[in-house]
**Q** 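Sharing a structure with you now.
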Amino acid sequence: MKLVFFAVTLLAALPAAAQQPTDRWEKDISAFEATDATSPMPKGGIVFVGSSTIRLWDVARYFPDLKILNRGFGGSELADAVRHIDRLVLKHEPRLVVLYAGDNDIGAGRLAEQVAVEFERFVRAVHSKLPQTRILYLAIKPSLLRWMQVDRMRAANDMIRAICERDDRLAFLDFDDAMLGWNEKPRRELFVEDGL
């Protein structure tokens, strides 16, 4: 009994920060903030946010005439985008947010319904501060690595599409068919080595 009391007392004495798990994205988010401090994006631009599909996309090359900020951080889930929305999106006051996330959520075992709920949380977080900002959701893509989970991905996409259809500020872009080959499986040439 004394040992249990000692352990509880010791834990209570630790600083709160020591008890909190470190956010694995802090380094990435801090690097974005350092860039923002030296090269701030003008208000009313476009922010791309999400996982590695966004991070690896050379948006400046594909959209040279637009004011775009890439805030992709590889391996992230929708909940990570929601958690860091102030630092990634809201402070830039964009007119449009392009979001790709949900792939890693499904890969981590989340249900399609959980992904749709996180998308709604993201939308509410944006529109609570920036009610006129539009959000374009890029559908979860079928991939080589996660082909066995494609049914859950498609179910999440269906739910998110339904949410987008209820609000003129939201749009849904599906490219499932375009990524499939003659055998109705993902086309290998569209993926990097990891198959994602």
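Side chains are part of it too, since the values below use all heavy atoms of this structure and drop only hydrogens, waters and symmetry mates.
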**Q** Do V117 and M159 share a hydrophobic cluster, counting only Ile, Leu, Val, Met, Phe, Trp and Tyr and linking them when any side-chain heavy atoms are less than 4.5 Å apart?
**A**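 No.
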**Q** Is the shortest side-chain heavy-atom distance between V49 and I54 below 4.5 Å?
**A**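 No, side chains not in contact.
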**Q** Under the salt bridge (Lys or Arg N to Asp or Glu O under 4.0 Å) test, which residues partner E113, sequence neighbours left out?
**A**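 Here no residue qualifies.
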**Q** Is the closest side-chain heavy-atom distance between L170 and V123 below 4.5 Å?
**A**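 L170 vs V123: side chains touch.
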**Q** Can you find a heavy atom in the side chain of I163 that is under 4.5 Å from one in the side chain of F172?
**A**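 They are not in side-chain contact.
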**Q** What's the separation between atom CG in D105 and atom CG in L111, rounded to the nearest 0.5 Å?
**A**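 Output value for this atom pair is 11.0 Å.
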**Q** Would you compute the distance between atom OH of Y100 and atom OG of S76 and round it to the nearest 0.5 angstrom?
**A**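 Interatomic distance, Y100 OH to S76 OG, rounded to 0.5 Å: 10.5 Å.
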**Q** What's the spacing between L130 CG and K43 NZ if we round to 0.5 Å?
**A**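 So the gap between those two atoms works out to 9.5 Å.
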**Q** Nearest 0.5 Å, what's the CD1-CZ distance between I85 and F122?
**A**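 CZ of F122 is found 4.0 Å from CD1 of I85.
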**Q** Determine whether V59 and L56 fall in the same hydrophobic cluster, where Ile, Leu, Val, Met, Phe, Trp and Tyr are linked whenever their side-chain heavy atoms lie under 4.5 Å apart.
**A**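 Shared cluster, no.
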**Q** Side-chain contact test, heavy atoms from C-beta onward, threshold under 4.5 Å: evaluate it for E77 versus R110 and give yes or no.
**A**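 In short, these two side chains touch, coming nearer than 4.5 Å.
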**Q** Evaluate the side-chain proximity of I46 to R95: yes if any heavy-atom separation is below 4.5 Å, no if none is.
**A**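 The answer is yes, as the side chains (C-beta and beyond) meet within the 4.5 Å cut-off.
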**Q** Answer whether the closest heavy-atom distance between the side chains of L69 and D36 falls below 4.5 Å.
**A**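 Side-chain contact under 4.5 Å: yes.
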**Q** From D86 CG over to K129 NZ, what is the distance, rounded to the nearest 0.5 angstrom?
**A**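 Reported to 0.5 Å precision, the distance equals 4.5 Å.
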**Q** Does F63 reach the side chain of W57, with side-chain heavy atoms less than 4.5 Å apart?
**A**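 Yes. Closest side-chain heavy atoms under 4.5 Å.
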**Q** Roughly how far, to the nearest 0.5 Å, is CG of L99 from OG1 of T53?
**A**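 Output value for this atom pair is 11.0 Å.
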**Q** Return the set of residues passing salt bridge (Lys or Arg N to Asp or Glu O under 4.0 Å) with R87 (not counting sequence neighbours), or none when no residue passes.
**A**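 Per chain and number, R87 pairs via salt bridge (Lys or Arg N to Asp or Glu O under 4.0 Å) with E26, E33.
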**Q** Using the salt bridge (Lys or Arg N to Asp or Glu O under 4.0 Å) criterion, which residues pair with D80? Sequence neighbours excluded.
**A**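 D80 satisfies salt bridge (Lys or Arg N to Asp or Glu O under 4.0 Å) with R83 once adjacent residues are dropped.
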